[in-house]
Amino acid sequence: MHMQVEETTVEPVRLFRINTGSCNGCDVELAVTSAVTEFDVEQLGCRYTEDATEADVLLITGPLTVKARDEVLRLYAETPRDRITVAVGVCPVSGGVFRDSYAVDGPIERYLPVDVNVPGCPPRPQALLAGIGEALQIRQARRAGVEPVGRADGKGQEGDNFPARCRLSFDASVCVDCRMCRHVCAAGAIRFQEVEGGVRLTLWHNSCVFCGLCSHYCPTGALSVTGDWRLDHPAADAFAQVERGDIPYAPCSGCGEPIVPAAPQLLHTAFRRPTPEIDKLTALCPACRQVMSIGAPGR
Amino acid sequence: MTTKIIELGPHQLALEEPMYFRVQLEGDRVADLDVLPGQVHRGMEHLVMRRNLYQNITLLERLCSLCSNSHPSTFCAAVEEVAGIAIPPRAEYLRAVADEIKRIASHLFCCAVQANAIGEIPLFRRVMEVREIMQRAKEAIYGNRMDLAANVIGGVRYDLPPEAIAYLYQAMEDMKKPLDELYLQFANNPALMARMAWVGVLPSEAAVECAVVGPVARACGIDYDVRKKSPYGAYDRLDFEVAMQTAGDVRARNLVRLAEARQSVSLIEQCLAQLPAGPLCVDTLPEIPAGEAIAKSEAPRGELMYYLRTDGSDFPVRLKWRVPSYMNWDALKVMLKGEPVANIPLIVNSIDPCIACTDR
Ligand code: SF4
Ligand code: SF4
């Protein structure tokens with residue numbers, strides 16, 4: 001009983017927002033967390049302030065443009081030393097779709113330390129609240145002088161009512177290494193790498209904007225969009241937030257060269273009814289396939 | 001009278017975006033103002049040339065999140081024009097549905113922010129709650145509450161199965177009464193009238209001179225809506241009136257927006273009722289030859305123009321925009337002249353300025 005009385009008289013935690021040059025998506029969704037009851041930060045004991053000197057938790061949006069930098073750093077310098085900093089959306093962490101521009105000076109960590117990342121583009125309000133919640137835990141732990149624990153529940157949280165477009169998932173067993181996904185990805189989130197015995201795909205959730213274009217153009221369904229939106233994490237773990245899979249090489253059944261065999265899904269896309277003859281093509285390298293289908297090229 | 005110069009930024013103006021102004025005051029009245037742009041300059045013209053046509057669909061959707069669907073759909077229209085692609089009729093309707101859903105959400109956000117700017121907090125929350133119906137619909141149908149990822153070159157990449165159609169019909173039904181109520185409130189509520197009527201007036205001659213577009217123009221009696229003037233996509237088969245007001249003040253701009261939001265509800269219903277069967281997209285990877293094209297659309301803030309030049313490769317050679325806020329924020333000088341300082345946040349928000357679009 002006594003505890004409860006104390007809790008209700010406790011000062012709200014103040015949130016301060018800095019827009020470093022965002023597309024305004026993250027900012028508009030943050031406005032929702034001050035206006036819509038279902039997502040109100042009040043439920044976490046927070047409220048927004050327009051005064052930087054009051055910031056207990058600092059929410060940063062946008063990729064940090066060259067032009068905004070001085071103003072951002074000036075505001076940051078006004079915030080109290082013990083504020084917890086949250087990078088909202090992928091922009092501050094990686095630049096998101098705006099990476100590699102002369103006008104973008106991020107990642108923000110080049111200039112100031114970040115405590116929590118909330119991937120998404122923009123993150124849904126549920127994810128924003130989860131990220132702010134994580135910041136509050138860190139704040140409490142620091143005040144108590146203990147090490148903050150990571151968030152309790154791991155992955156999961158499949159999209160409640162809605163099939164929200166969230167974390168991408170990769171199934172290496174059906175990937176044919178065509179690299180169409182990387183070709184269409186505006187955020188540069190997908191990387192292919194030669195590894196021992198195969199090819200590795202790595203997709204970084206701190207760059208991915210959940211647009212789903214990779215999965216739209218993937219011919220075999222190796223990349224798919226999931227409803228898993230709970231991706232907030234301590235900023236120190238930023239580079240561990242990846243989806244990864246190795247596509248193993250197999251020797252070409254003609255010449256023995258290592259190749260990525262075509263997945264059955266690809267055959268079904270290309271041929272309505274694959275025959276055993278067609279099936280054989282999947283284990284051949286392009287040169288052997290040509291020989292088998294049209295004979296040796298005449299010179 | 002004393003002359004003073006002050007600088008105002010997003011934290012004083014209740015803006016979501018970092019827009020800064022240098023305001024010259026005579027006493028407590030605005031004499032002149034300069035917009036200090038560039039904070040959201042992300043080098044888009046440079047970026048689009050370093051991304052191929054597919055990547056640009058996703059990049060351009062993030063040029064600005066409030067009109068996020070207008071950008072990729074207009075960009076795709078320009079690419080399709082270059083390639084001589086006619087998108088399937090079903091895709092035309094589905095693009096219109098996506099655009100109109102975004103229009104409702106964008107207009108309501110603008111009205112909400114203004115209510116906030118004049119301290120009408122319950123109204124701010126009410127408008128945002130009504131807007132949530134659209135936010136939920138966006139997430140349910142497209143998977144994200146801001147960026148719909150609806151467009152691809154040659155059509156769309158989402159469909160409306162029968163359950164989704166039923167869901168959207170219901171969402172539209174749920175919007176009607178609140179939108180009608182909000183219209184009446186913004187039109188007649190004495191407290192709102194006191195703050196918004198005859199405030200931030202843009203006379204129609206000045207409107208023509210500044211070449212304003214969108215609701216800012218239509219609130220001054222300028223009958224210009226791209227959906228009517230040069231119909232694109234499905235709009236020539238849809239029935240609607242251009243929403244108009246004549247007073248040119250803050251109130252008139254909001255009445256145009258609320259009338260348009262209500263009209264968008266009807267447009268979406270018409271789309272659902274007429275939705276033709278057929279494919280969503282032409283060939284998934286069409287050839288894009290060398291060429292140039294201009295595409296226009298009516299974004300929530302007004303006429304949006306894209307100029308595209310291609311050279312037969314995957315990368316655009318040039319992509320240029322004319323965004324509606326550019327002309328509209330020029331008109332702020334006229335609207336603000338002689339207004340008390342206290343009205344600045346309201347008037348600035350009444351043009352629904354999009355800094356992300358304009359700074360690029
Ligand atoms: S993360 Fe996405 S939604 Fe957020 S500001 Fe960046 S581009 Fe916009
Ligand atoms: S969803 Fe795919 S294409 Fe889109 S940003 Fe993420 S990895 Fe790239």
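Just so it is clear, the structure is predicted and the values come from calculations on it, not from any experiment. Each chain gets a letter, A, B and so on, in the order the sequences are listed, and its residues count up from 1.
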**Whether over 12 other heavy atoms sit under 6.0 Å from Glu163(B) CD** = yes

**Message:** Looking at every heavy atom in both Cys121(A) and Asp147(B), which two are closest together, and how far apart are they?
**Reply:** O-OD2, 3.4 Å

**Asked** Taking C-beta and beyond as the side chain, do Val32(A) and Glu132(B) meet within less than 4.5 Å on heavy atoms?
**Response** yes

**Message:** One pair to check against side-chain contact (heavy atoms from CB on, under 4.5 Å): Gln135(B) and Arg124(A). What are the steps and the verdict?
**Reply:** CA-CA 10 Å; Gln135(B) 295 302 96; Arg124(A) 63 202 307 240; over 6 Å; no

**Prompt:** With the threshold set at 4.0 Å, does a side-chain nitrogen-carboxylate oxygen contact exist between Arg42(B) and Asp105(A)?
**Reply:** no

**Complete:** Scanning both residues in full, the closest heavy-atom pair of Asn52(B) with His183(A) reads ND2-O, 2.8 Å

**Message:** Quick check for you: among Glu129(B), Arg145(B), Met44(B), which has the greatest number of heavy-atom pairs under 4.5 Å with chain A?
**Reply:** Arg145(B)

**Complete:** Among Ala52(A), Cys166(A), Pro125(A), Gly95(A), the residue with the most heavy-atom pairs under 4.5 Å to chain B is Pro125(A)

**Prompt:** Under a 4.5 Å heavy-atom cutoff, which of Glu29(A), Arg99(A), Glu71(A) has the most pairs with chain B?
**Reply:** Glu29(A)

**Prompt:** Which bit of Cys211(A) comes within less than 4.5 Å of chain B, counting heavy atoms only: side chain, backbone, both or neither?
**Reply:** both

**Message:** So if I take each residue of residues 216-225 of chain A and look for any heavy atom under 4.5 Å from a heavy atom in chain B, which residues do I end up with?
**Reply:** His216(A), Tyr217(A)

**Point-to-point distance, once rounded to the nearest 0.5 Å, from CZ of Phe124(B) to OG of Ser34(A)** = 4.5 Å

**Asked** Would the number of heavy atoms belonging to other residues, nucleotides or ligands and lying under 6.0 Å from OH of Tyr158(B) be above 12?
**Response** yes

**Request:** Mind running side-chain contact (heavy atoms from CB on, under 4.5 Å) on Arg125(B) and Asp40(A) for me, showing each step along the way?
**Result:** CA-CA 11 Å; Arg125(B) 296 186 71 103; Asp40(A) 202 317; 2.8 Å; yes

**Message:** If I measure from the heavy atoms of chain A, does Glu61(B) come under 4.5 Å with its side chain, its backbone, both, or neither?
**Reply:** neither

**Prompt:** Is it the backbone or the side chain of Arg50(B) that comes under 4.5 Å from a heavy atom of chain A, or both, or neither?
**Reply:** side chain

**Request:** Look at the side chain of Asn144(B) and the backbone N and O of Ala164(A), then say whether any donor-acceptor pair between them is shorter than 3.5 Å.
**Result:** no

**Part of Arg51(B) lying under 4.5 Å from any heavy atom of chain A** = side chain

**Request:** Could you check Asp359(B) against Thr65(A) for side-chain contact (heavy atoms from CB on, under 4.5 Å), going step by step and ending with a plain yes or no?
**Result:** CA-CA 11 Å; Asp359(B) 280 350; Thr65(A) 63; over 6 Å; no

**Asked** When the ring planes of Tyr102(A) and His41(B) are compared, do they come out parallel, tilted or perpendicular, using 30° and 60° as the limits?
**Response** tilted

**Request:** Identify which of Ala112(B), Cys64(B), Ser68(B), Cys354(B) forms the greatest number of heavy-atom pairs closer than 4.5 Å to chain A.
**Result:** Cys64(B)

**Request:** Please flag which part of Cys357(B) lies under 4.5 Å from any non-hydrogen atom of chain A: side chain, backbone, both or neither.
**Result:** neither

**Request:** Locate the shortest heavy-atom distance separating Val209(A) from Thr58(B); write the atom from each residue and the value.
**Result:** CG2-CG2, 3.7 Å

**Asked** How long is the gap from NE2 on His46(B) to CZ on Phe98(A), to the nearest 0.5 Å?
**Response** 13.0 Å

**Message:** I'd like to know if the side chain of Asn24(A) and the backbone of Ser65(B) have a donor-acceptor N/O pair within less than 3.5 Å.
**Reply:** yes

**Which atoms of Leu30(A) approach chain B - backbone, side chain, both or neither, heavy atom under 4.5 Å** = neither

**Leu59(B) portion near chain A, given a 4.5 angstrom heavy-atom threshold** = both

**Request:** Examine whether an atom of Asp314(B) lies under 4.5 Å from a heavy atom of chain A, and if so say whether it belongs to the side chain, the backbone or both; otherwise answer neither.
**Result:** side chain

**Message:** Does any backbone or side-chain atom of Arg360(B) lie under 4.5 Å from a heavy atom of chain A? Answer side chain, backbone, both or neither.
**Reply:** neither

**Prompt:** Are more than 12 heavy atoms from other residues, nucleotides or ligands located less than 6.0 Å from atom CD of Gln43(A)?
**Reply:** yes

**Message:** Looking only at heavy atoms and a cut-off of under 4.5 Å, which of Gly188(A), Ala35(A), Gly96(A), Ala187(A) has the most pairs with chain B?
**Reply:** Ala35(A)

**Prompt:** Does Gln55(B) reach the main-chain N or O of Val184(A) with its side chain, forming a donor-acceptor pair under 3.5 Å?
**Reply:** no

**Request:** Provide the closest heavy-atom pair for Ala356(B) versus Ser22(A) in the form atom of the first, atom of the second, distance.
**Result:** CB-O, 3.9 Å

